[in-house]
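Values reported hereafter were calculated over all heavy atoms of this structure, with side chains retained and with hydrogens, waters and symmetry mates removed. All values derive from a computational prediction rather than experimental measurement. One-based numbering along the sequence shown. Start at 1 and go down the list; that is how both ligands and their atoms are numbered.
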Amino acid sequence: MATKIFTMAIIGLDSELVEVEADTSGGTHFLIVGLPDAAVMEAKERVRSAIKNSSLYFPRGKTVVNLAPADLKKQGPSFDLPIAVSILKRTNQIPDTFAERPKELFAGELSLDGSLRPISGILAMAMAAKKLGVESFYVPASNAPEASLVPGPNVFPVNNLEQLVNHLSGKEIIEPFTSSDINLKNQTSQTEYDFAYIKGQEHAKRALEIAAAGAHNMLMSGPPGSGKTLLSRALPSILPDLTLDEALEITKIYSVADQLPADQPLMTERPFRSPHHTASGVSLVGGGTWPRPGEISLAHRGVLFLDEFPEFERQVLENLRQPMEDGLVTVSRVAGTIPFPAKFMLIAARNPCPCGYSNDPYTNCSCSPVQIINYNKKISGPLLDRIDLHADVPKIKFEKLQSDELGESSKDIRARVQASRTIQENRFKNTGIFTNSEMSNQQIKHFCSTDKESQAILRQAVEQLHLSARAYFRILKLSRTIADLEAADEILSKHVAEALQYRPRVE
Ligand SMILES: Nc1ncnc2c1ncn2[C@@H]1O[C@H](COP(=O)(O)OP(=O)(O)O)[C@@H](O)[C@H]1O
Ligand SMILES: [Mg+2]
């Protein structure tokens with residue numbers, strides 16, 4: 001009879017149960033069947049060597065390993081360990097306790113000498129294992145901290161195949177891994193950039209504070225050298241702490257994308273991604289033959305910084321529209337589509353024209369009108385409509401540049417941002433969202449009631465500025481954040497008035 005054990009296959013950000021069955025009979029071949037990719041096929045060589053080099057016995061006859069369900073594509077080296085274990089059970093080198101339901105899960109890549117190497121996607125597997133009621137999860141030792149982030153199955157850190165065989169035969173027990181304490185407070189990066197050292201630009205700083213508080217999108221426009229890049233780089237210094245749920249969401253994405261730092265089981269800082277303007281559509285939104293998360297998903301719950309915004313390919317920028325609306329991106333693959341979360345705040349910076357001086361009172365612009373029109377055409381109306389905060393970053397005056405006066409420190413600004421984020425967390429408890437920018441229209445109705453005076457201002461703005469329905473709802477969300485920064489329960493007319501200031505001027 002074939003021996004059955006269980007492992008997980010990563011599909012997008014989720015993970016599905018896979019049965020591994022080994023059978024041995026006459027012949028001399030070692031076969032793996034059940035839609036394996038090249039890396040899984042190579043498991044044959046690694047598994048054979050790992051077993052032989054661990055003072056264990058590899059069957060001489062024909063060995064067939066079946067990965068089921070057969071229609072699910074198996075990818076990557078994580079099947080090495082389950083394949084080895086199924087062969088060792090089949091040849092009675094490990095006691096075979098047959099289970100219909102997965103009590104034990106195995107995942108890991110094998111080296112030729114039998115030691116285990118870390119794999120990607122462990123957190124996604126652990127979350128699925130918890131749902132399935134798995135009791136024991138055997139993982140490469142260096143993956144154990146990540147696997148134990150969600151309380152669920154016992155996580156057994158395995159160093160090598162021999163150690164696992166001894167454990168499963170009861171000779172030498174491996175102790176389950178107990179997770180270390182997770183502290184997410186005040187983890188925000190100590191960047192070298194502090195708002196205190198950025199002179200002037202109060203308007204842009206205020207807009208960045210609002211953006212950070214409610215996770216809103218923002219576009220900065222101004223001539224070269226006015227400090228747009230500098231301001232954006234300082235943004236991480238005022239971002240609020242991650243909640244544990246947010247940290248787990250981010251970690252799952254980084255783990256599947258194989259971008260989790262080796263010594264860091266949990267992502268503790270909000271991501272700040274700044275892809276270059278030559279970035280391709282796939283690298284920005286995700287995809288590929290085996291779909292991987294793109295920059296917008298790696299920026300989930302953090303910042304996607306697009307410097308020199310109009311220099312990006314227009315089509316690449318248009319790809320951002322749908323994820324900016326839905327907070328997720330669906331990547332197509334041969335069999336259906338895969339969703340990746342992408343709730344990022346877009347921070348973009350641009351010059352007013354290719355040479356940068358079209359609005360400058362002191363320097364002549366060298367661009368032709370057609371060049372300026374073409375430059376501005378790169379960013380479509382619907383994309384601009386999704387940006388809540390439009391801030392001008394003008395050239396600063398010499399006196400300001402020269403003065404030694406320090407601005408407000410990032411620490412103080414961050415304290416206000418954090419307080420307003422805590423208000424939002426409480427507001428949205430158990431709703432699955434964390435920030436004002438994520439509110440649905442229904443939630444806006446519920447949480448953003450306005451008084452008569454505010455309504456009058458809004459009506460005037462919608463009529464005079466010809467605002468779209470989307471812009472209207474976005475202004476309400478922004479007003480909510482501005483009110484939260486003052487810990488005001490009600491949205492007042494001054495909050496709405498400030499929110500309206502950040503809409504783009506109609507040219
Ligand atoms: N407001 C400012 N306060 C202090 N230094 C500034 C300011 N604006 C610009 N700088 C200096 O000028 C350099 C260029 O600014 P940068 O942010 O790259 O400009 P931009 O992106 O708008 O072209 C910065 O590295 C910084 O040294
Ligand atoms: Mg710049």
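Here the CG-CD1 distance, from Asp14 to Ile10, works out to 8.5 Å after rounding to the nearest 0.5 Å. In this structure, NZ on Lys445 lies 11.5 Å from CG on Leu476, to the nearest 0.5 angstrom.
Ligand-side atoms of ligand 1 in range of Pro224: 23 (O), range being under 4.0 angstrom from any heavy atom. Atoms of ligand 1 found under 4.0 Å from any heavy atom of Ile396 (numbered from 1 in listed order, with element): 1 (N), 2 (C).
The protein non-hydrogen atom at the shortest distance from atom 18 (O) of ligand 1 is Thr229 CB, 3.7 Å. At the top of the distance list for atom 3 (N) of ligand 1, counting protein heavy atoms only, stands Lys199 N, 2.9 Å. For atom 9 (C) of ligand 1, the closest non-hydrogen atom on the protein side is Gly225 O, 3.3 Å.
Exactly one of Arg301, Arg414, Arg270 qualifies for a salt bridge (charged side-chain N to carboxylate O under 4.0 Å, His left out) with Asp241. That residue is Arg414. Residue Lys343 is tested with Leu328, Ile296, Ile433, Thr435 for a side-chain contact (heavy atoms from CB on, under 4.5 Å); the sole match is Ile433.
The shortest N or O to N or O distance between Gln201 and ligand 1 is not below 3.5 Å. Some N or O of Leu230 is nearer than 3.5 Å to an N or O of ligand 1, by distance alone. For ligand 1, none of its N or O atoms has an N or O atom of Ile198 under 3.5 Å away.
Look at Ser226 and you'll find a heavy atom under 4.0 Å from some atom of ligand 1. Heavy atoms of Ala349 stay at 4.0 angstrom or farther from ligand 1.
Ordered by chain and number, Thr229 OG1 make up the set of protein N, O or S atoms under 2.8 Å of the Mg ion (ligand 2).
Shown here are the salt bridge (charged side-chain N to carboxylate O under 4.0 Å, His left out) partners of Arg206, two or more places apart in sequence or in another chain: Glu209, Glu498. Remark: Lys74 pairs with no residue by the side chain to side chain donor-acceptor pair (under 3.5 Å) rule, at least two apart or across chains.
The protein reaches atom 1 (N) of ligand 1 closely, with a heavy atom under 4.0 angstrom from it. Distance remark: protein heavy atom present below 4.0 angstrom from atom 7 (C) of ligand 1. Remark: atom 13 (C) of ligand 1 lies closer than 4.0 Å to no protein heavy atom. Within a 4.0 Å radius of atom 25 (O) of ligand 1, the protein contributes no heavy atom.
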Report all side-chain donor-acceptor pairs from residues 305-317 shorter than 3.5 Å, counting only partners two or more places apart or in another chain.
unit_1, atom_1, unit_2, atom_2, d
Asp307, OD2, Thr229, OG1, 2.8
Arg314, NH1, Lys377, O, 2.4

* Report the C-alpha separation of His203 and Tyr502 in whole Å, then their side-chain angles, then the decisive distance to 0.1 Å, and conclude whether the ring-ring contact (aromatic ring centres under 6.0 Å, His included) test is met. => CA-CA 10 Å; His203 180 64; Tyr502 301 109; 5.5 Å; yes
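A donor atom on one side chain and an acceptor atom on the other are found under 3.5 Å apart for Thr481 and His216. Judged purely by distance below 3.5 Å, without hydrogens or angles, the side chains of Asp451 and Ser454 pair a donor atom with an acceptor atom.
Under 4.0 angstrom from ligand 1, there are no non-hydrogen atoms of Leu231.
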